[in-house]
Amino acid sequence: MPELPEVEAARSVLEGALDREIRSVDDSDEWVCRPHRPGEIAGALVGGRLTAAHRRGKTMWCETADRDGRPGPHLGIHLGMGGRIVVTTDADDHGRAGGDPRPAAGYTGPVPRKPEWNRFVVTFTDGGQLRLFDKRRLGRVRLEPDLGALGPDAEEIGREEFRTRVRRGHSAVKARLLDQSVLAGVGNLLADETLWQAGLSPSARADELDTATLDHLYDALAAALRSAIEHGGVHTGEVIGFRHADADCPRCGAPMVHGTVGGRSTWWCSKEQA
DNA sequence: AACAATGTTCAGTC
DNA sequence: GGACTGAACATTGT
């Protein structure tokens, strides 16, 4: 689930947790909170509050203030492969603490309680909580996250910079799009969607692409990003539902084919992206 | 049971 | 040292 569009939505949810006094913090998951020791993050936050929520690529961080309003450490949050942010208030929680925030479509029964999937929880003095809900446990929380290795955000990068950064190096163009130090925010599905929209082979060498092709790719990425944000996630991309065996390209009808590019499972149109 | 999964990181190889 | 590749990471779903 989490690529730039989903993370931006999560960042927006995070804003509901701002300016509320922190009563306690459960940072006992030593894997998710590594390299911090249990209690370390709690010690830095309890009594203070979160004051702003930011995002660059797939990384989010909150500014904090202590009980006297002085600036505190940044709280970094990464959703990993499937994490979600849940923010509750005392009034709207209805005892669902720990429930899966996204029951399967059409499921109308009780929301299953899986408290163990809440990997990091901040409880406010008003009784509400901020939770990192993550079944797969690849999400991450840490103080003072290092953003130095991230390239410019995929939503903000300019045409010129996109061109020079993507073209650098000899790897496949999809690998360049996925490299968070080239530009930050593109994940596996968004990369496949963007390349399909652009009619470009995922394994084309990035340094062999001409300027017109790179500009076309830039436009395709901007459009795919905007569409995903507007429609609620990268899974709403036009080709995403056709990333499976025996599927045909929804545009030209030629068979979709599969392979590994940039170390990730990749689907492309056998005719338009040859 | 074996394998893939919307992400990152580390070890190994050029 | 830099650039690149593939496996590993923890866990769930198919």
Side-chain angles (χ1 to χ4, degrees), chain A residues 1-10 28-35 55-61 76-85 100-105 107 112 114-120 132-142 145-151 154 165-196 202-208 221 224-225 227-229 231-245 247 258-267:
Chain A
M1 175 224 167
E3 300 187 30
L4 190 154
E6 289 80 7
V7 180
E8 176 53 28
S28 57
D29 191 315
E30 295 184 58
W31 175 256
V32 168
C33 296
R34 73 191 186 287
R55 178 191 63 75
R56 179 149 156 212
K58 305 170 197 167
T59 296
M60 297 180 282
W61 71 97
I77 302 176
H78 197 294
L79 299 177
M81 196 85 108
R84 292 158 183 279
I85 294 294
D100 188 329
R102 188 201 58 175
Y107 180 76
K114 289 282 189 180
E116 67 271 27
W117 287 343
N118 286 318
R119 310 297 183 177
F120 176 79
L132 170 60
F133 181 89
D134 178 19
K135 327 183 182 199
R136 289 183 54 188
R137 218 178 171 207
L138 286 170
R140 213 168 159 175
V141 176
R142 70 183 319 177
D146 179 17
L147 307 180
L150 292 180
R165 283 179 164 270
V166 171
R167 190 148 48 186
R168 197 175 301 157
H170 308 179
S171 51
V173 61
K174 180 174 178 182
R176 300 300 290 162
L177 292 177
L178 290 174
D179 186 335
Q180 302 299 297
S181 71
V182 173
L183 72 168
V186 178
N188 199 33
L189 297 184
L190 194 52
D192 275 7
E193 174 73 13
T194 298
L195 290 161
W196 178 80
S203 49
R205 302 293 106 178
D207 53 347
E208 291 173 4
L221 173 58
L225 264 177
S227 170
I229 288 170
H231 295 108
V234 292
H235 61 281
T236 62
E238 289 181 59
V239 82
I240 303 305
F242 298 83
R243 295 174 82 259
H244 61 81
H258 177 258
T260 297
V261 182
R264 307 301 304 278
S265 178
T266 302
W267 291 86

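Just the heavy atoms: all of them, side chains too, but no hydrogens, waters or symmetry mates, feed the values below. Letters go in sequence order (proteins before strands), and every chain restarts at 1.
- Applying the side-chain contact (heavy atoms from CB on, under 4.5 Å) rule to A:T194 yields the partners A:L190, A:L217, A:A220, A:L221, A:A224; only residues at least two apart in sequence or on another chain are considered.
- Every residue meeting the side-chain contact (heavy atoms from CB on, under 4.5 Å) condition with A:H170, not counting sequence neighbours, appears here in chain and number order: A:D207.
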>> Treating primed atoms plus P, OP1 and OP2 as sugar-phosphate and everything else as base, which nucleotides of nucleotides 8-14 of chain B get B, S or - for protein heavy atoms under 4.0 Å?
In response: S------
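- Rounded to a whole Å, the CG atom of A:L4 is 13 Å from the C1' atom of B:dT6.
- Side chains of A:R137 and A:W31 form a contact here, defined as non-hydrogen atoms less than 4.5 Å apart.
- If you take NE2 of A:H235 and C1' of B:dT6, they are 11 Å apart, rounded to a whole angstrom.
- A side-chain donor from one of A:H258 and A:S265 sits under 3.5 Å from a side-chain acceptor of the other.
- Residues forming a salt bridge (Lys or Arg N to Asp or Glu O under 4.0 Å) with A:R55 (at least two apart in sequence, or on another chain): A:E8, A:D153, A:E155.
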> Which letter, B, S or -, goes with each nucleotide of nucleotides 1-6 of chain C from 5' to 3', with contact meaning a protein heavy atom under 4.0 Å?
Replying inline: ---SS-
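- A:E208 places no side-chain N or O within donor-acceptor distance of the main-chain N or O of A:R205, the cut-off being under 3.5 Å.
- With sequence neighbours excluded, the residues that form a side-chain contact (heavy atoms from CB on, under 4.5 Å) with A:A10 are A:M60, A:L79, A:I85.
- Counting to the nearest Å, the P atom of B:dT6 and the CD1 atom of A:I240 are 9 Å from each other.
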Nucleotide N/O to protein N/O under 3.5 Å, stretch nucleotides 12-14 of chain C:
from, atom 1, to, atom 2, distance (Å)
C:dT12, OP1, A:W117, NE1, 3.1
C:dG13, OP1, A:K135, NZ, 3.0

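- Shown here are the side-chain contact (heavy atoms from CB on, under 4.5 Å) partners of A:L150, two or more places apart in sequence or in another chain: A:R56, A:T59, A:L147, A:Q180, A:A184.
- Paired runs in DNA chain B that reach 3 or more consecutive Watson-Crick or G-U pairs, where each pair keeps both distances under 3.5 Å, cover B:2-5 with C:11-14, B:7-14 with C:2-9.
- Look at the P atom in both B:dA11 and C:dA10: the space between them is 15 Å, to the nearest Å.
- Listed by first then second residue, pairs satisfying salt bridge (charged side-chain N to carboxylate O under 4.0 Å, His left out) with a partner in residues 172-195 of chain A read A:K174-A:D192, A:D192-A:R243, not counting sequence neighbours.
- As a whole-Å value, the separation of A:W31 CH2 from B:dG7 C1' is 12 Å.
- Using a distance-only test at 3.5 Å, with no hydrogens or angles considered, no donor-acceptor pair links the side chain of A:R119 to the main chain of A:L138.
- Considering only heavy atoms from C-beta on, A:V32 comes within 4.5 Å of A:L132 through its side chain.
- Between A:K114 atom NZ and C:dT11 atom P the separation is 13 Å, expressed in whole Å.
- When the P atom is used for both B:dT6 and C:dC4, the distance is 23 Å, rounded to whole Å.
- When the ring-ring contact (aromatic ring centres under 6.0 Å, His included) test is applied to A:W196, no partner is found at least two apart in sequence or on another chain.
- Note: CG (A:L132) to P (C:dT11) measures 14 Å, nearest angstrom.
- What separates CG of A:L189 from P of B:dT6 is a distance of 5 Å, to the nearest Å.
- For the pair A:D134 CG and C:dA10 P, the computed distance is 13 Å after rounding to whole Å.
- Scanning for ring-ring contact (aromatic ring centres under 6.0 Å, His included) contacts around A:H235 gives an empty result, with sequence neighbours left out.
- Atoms CD and CZ, from A:E116 and A:F133 in turn, are 8.5 Å apart once rounded to the nearest 0.5 Å.
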